[in-house]
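Everything on this sheet refers to the single structure shown next.
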Amino acid sequence: MSVAILDEKKEKFLQALEANFGASDLLSVTEGLEFPTRRAEKWKYTRVNAISKEAWQMGAGVLDNVESYNPFPELDAVSIYVVNGQVAYISEDLPEGLTIESEHDEEGALIRKNIFTALNYSLNPVSLKIIATKNQIIGKPVHIIFVNSGELTTAQTRVKLVAEQSSFLHVMESFVSADSAKKWVSHVNESDVQANANLTISKWQALGENGYMMTHEFSQQGADATYTSNVVTKNGTWTRNDSWSDLNGKNGECNLNGIYQPKGKEHIDNTTTVDHKVPHCESNELYKGVIYDASTGVFNGKVYVRPDAQLTNAFQQNSNIVMTENGTMNSKPELEIYADDVKCSHGSTTGQFDDIALFYLMARGISRENAKLMLVTAFFQEVLDEMKVKEYEESLIVN
Amino acid sequence: MSVSQRVRGIENTKETNMISIKNLHAEVEGNKILKGLNLEVKAGEVHAIMGPNGSGKSTLASVLAGNEAYEVTEGTVDFDGADLLDLDVDERAKEGMFLAFQYPVEIPGVSNINFLKAALNEKRAHQGLEPIKAKDFLALVQEKSELVELAGKLKNRSVNEGFSGGEKKRNEIFQMAMLDPKFAILDETDSGLDIDALKVVSHGVNSMRSPERAFLVITHYQRLLDYIVPDFVHVLYNGKIIKTGPKELALELEEKGYDWLIEETV
């Protein structure tokens, strides 16, 4: 009975997408993939019905004054604007060694990790592909600004990153809204970090009111490669960030950093999977959140250390401050270790705001508001230091 | 108003109380701690408050500074003409109150210097003054940190983080010197200090004694009062002041303890 209801719901959802996107065959593409329910371990704290109940449509690919939505206009970067999932502008002045192209994905490319990733490939067959050529240090970041607008629109976007051997690349992705209409953004990253390369993806999420945001981040790392993922969830009604990081070559390093500060009734979920498949690799996860009002935060972190992955160093830390009695934080850091000579640790702390520190600052004449800002900034500072993105530091606290 | 009247007005201020506490009752988590405390401190005076453990000494300091963990259930506090209990914690500080904490708080990630600059500038804004110039601020930091022998120890450090007990107490006095309050409460600033640190802290306090400023020195030990010599000594017991005397009272307490006084009261 309940399966039938789910099927009906899924069918209705897919039919609307087929009609609005001119897509066909979504049922067979998503065969065997259902909407996740809270019975699934990785979806225990996050519900998708606000997305699965709607009939989503494609938004217009143009927008006046698109540059005005850039959250970091001062940033010296290679800029790309994507409006409602469609590339609107790519800077022509590219540094040496950097290639930006569109890639039409063959059917086989589809990642069937879940219903949302499968749909992402089916609804938008074109990926944006950014390549740093072998041995090239790309001196300035590539900044992709995803602007979204319109009632019940969905943007299904995909960015593939290739850091060839010994290259260096920093890609920043900013997700913003032009209005407060209900919208759903589903974004995939596929990263190929080749031997001795260094790739960083930094995400700034600010979809605001009625913004429903999903990211699906896949990374494959070669030997001696470093992959860093930074995500700052500034605001947004509902956010789910999923990442799957595979360490496939010796001496690889994977760093995942996150900051979130949900307010009102916002919901933010960071779910990570790091897979140590080979020896001598290191992974570091640092996620910190401040939960305001009646909002909810989720951290679901999983690290696998496979039998061959001896001498692994894996660290996972999630720290939270819950500001009110109505706020909720669900934190579940997990290690699954099958090798015997490893150094792994995980920790999770969730506490209330430090009233004694607040009193101390105020007793020196600092107003309550400023004292709180000071303490929240201090709390996030450790993560900001890891992220090394100056713009985030300056824009995080300012409303 | 004529000149002579104004002059008399200024003289009068000196005669009036810096702080006047009347029938103060306060409790924490339902436990009544202060039970009708009366105290008046005039500008220029140093008052010491002594008393056995649990008598309410630190509660008095916390209540005056505005710690919300304590609830005032009765009484009034006039602070240089303002209704103190009506002011928020930061407003009290901006009006010139300072509390040197018994247990200074470590705040990782908040820079000592930046926080103090923010505090100073908020106070200046409250007084209608421009923010202090960076150069003047640094000169002030240099001067005042030398006073408590902390020079060079504050740069690039978070508030009290990694400080020894003595350094934390000296940092309190340094902050006091920077903020230039008119009424300072020292809450067991001497506890646990070695003799060198005690001398440094006392020197810092003594150099700030002036006819315009008053101090309330809360201590458990008479020794501090050899260095910071008070005008009055009060004995706090069971939430009330049960005895007030000259500085010699502290010596008597050191010698005889509190029991004789408590018996007298009962």
Side-chain angles (χ1 to χ4, degrees), chain A residues 232 257-261 286-290 317-321 323-325 347-390 392-398, chain B residues 61-70 87-127 158-161 168 171-172 174-181 183-185 187:
Chain A
V232 175
N257 304 307
I259 286 178
Y260 43 96
Q261 46 172 11
L286 181 62
Y287 285 81
K288 282 193 172 189
V290 177
Q317 178 65 39
N318 175 229
S319 308
N320 304 286
I321 298 174
M323 299 290 263
T324 68
E325 282 180 12
S348 170
T349 59
T350 296
Q352 291 171 330
F353 197 65
D354 186 349
D355 285 331
I356 297 172
L358 182 69
F359 174 58
Y360 189 83
L361 295 179
M362 287 180 71
R364 298 297 177 253
I366 295 173
S367 68
R368 187 176 299 272
E369 200 181 330
N370 287 343
K372 279 189 175 177
L373 279 183
M374 239 176 224
L375 292 172
V376 168
T377 311
F379 176 70
F380 284 138
Q381 196 59 50
E382 185 189 4
V383 194
L384 290 167
D385 288 347
E386 290 293 324
M387 291 184 172
K388 300 181 197 81
V389 181
K390 186 171 85 319
Y392 290 178
E393 206 155 330
E394 289 162 359
S395 307
L396 180 65
I397 304 298
V398 186
Chain B
S62 293
V63 166
L64 292 180
N67 188 336
E68 282 156 1
Y70 297 84
L87 300 177
D88 209 348
V89 183
D90 61 310
E91 294 169 326
R92 298 180 192 202
K94 285 169 183 143
E95 287 291 332
M97 174 166 295
F98 183 89
L99 169 64
F101 280 60
Q102 180 180 6
Y103 304 111
V105 185
E106 290 190 22
I107 313 180
V110 173
S111 139
N112 242 316
I113 296 296
N114 289 347
F115 131 75
L116 207 48
K117 193 172 181 184
L120 192 61
N121 280 335
E122 279 207 36
K123 187 174 178 181
R124 289 175 65 92
H126 181 75
Q127 294 165 334
S158 293
V159 177
N160 290 320
E161 198 186 27
K168 282 179 186 169
N171 192 17
E172 294 294 288
F174 163 66
Q175 292 176 35
M176 176 171 80
M178 289 292 293
L179 294 169
D180 194 26
F183 180 61
I185 305 162
D187 188 6

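Letters go in sequence order (proteins before strands), and every chain restarts at 1.
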Open item on the list: Looking at chain B, which one of A/F379, A/F380, A/F359 has the largest number of heavy-atom pairs inside 4.5 Å, strictly under?
Closed with: A/F359
Open item on the list: Counting only non-hydrogen atoms closer than 4.5 Å, does B/E68 touch chain A with its backbone (N, CA, C, O), its side chain (CB onward), both, or neither?
Closed with: side chain
TODO: State plainly whether the residues B/D88 and A/R368 are in salt-bridge range, i.e. N to O under 4.0 Å.
DONE: yes
Open item on the list: Please tell me whether A/Y260 and A/N320 have a donor and an acceptor in their side chains that are separated by less than 3.5 angstrom.
Closed with: yes
Task: Step-by-step salt bridge (charged side-chain N to carboxylate O under 4.0 Å, His left out) determination, B/E172 to A/R364 - done: CA-CA 10 Å; B/E172 294 294 288; A/R364 298 297 177 253; 2.7 Å; yes
Open item on the list: Below 4.5 Å, heavy-atom pairs only: which of A/S367, A/A357, A/A378 has the largest tally toward chain B?
Closed with: A/S367
Task: For A/L375, the option from A/I321, A/N370, A/V290, A/L361 that meets side chain to side chain contact (heavy atoms under 4.5 Å, CB included) - done: A/L361
Open item on the list: Just so I understand: if I count every heavy-atom pair under 4.5 Å between each of B/P181, B/A69, B/S62, B/G66 and chain A, which residue has the most?
Closed with: B/G66
Task: B/N121, part contacting chain A, at a heavy-atom distance under 4.5 Å - done: neither
Task: Qualifying residue, where the test is side-chain hydrogen bond (donor to acceptor under 3.5 Å, both in side chains) with B/K94 and the options are B/E122, B/H126, B/Q127 - done: B/E122
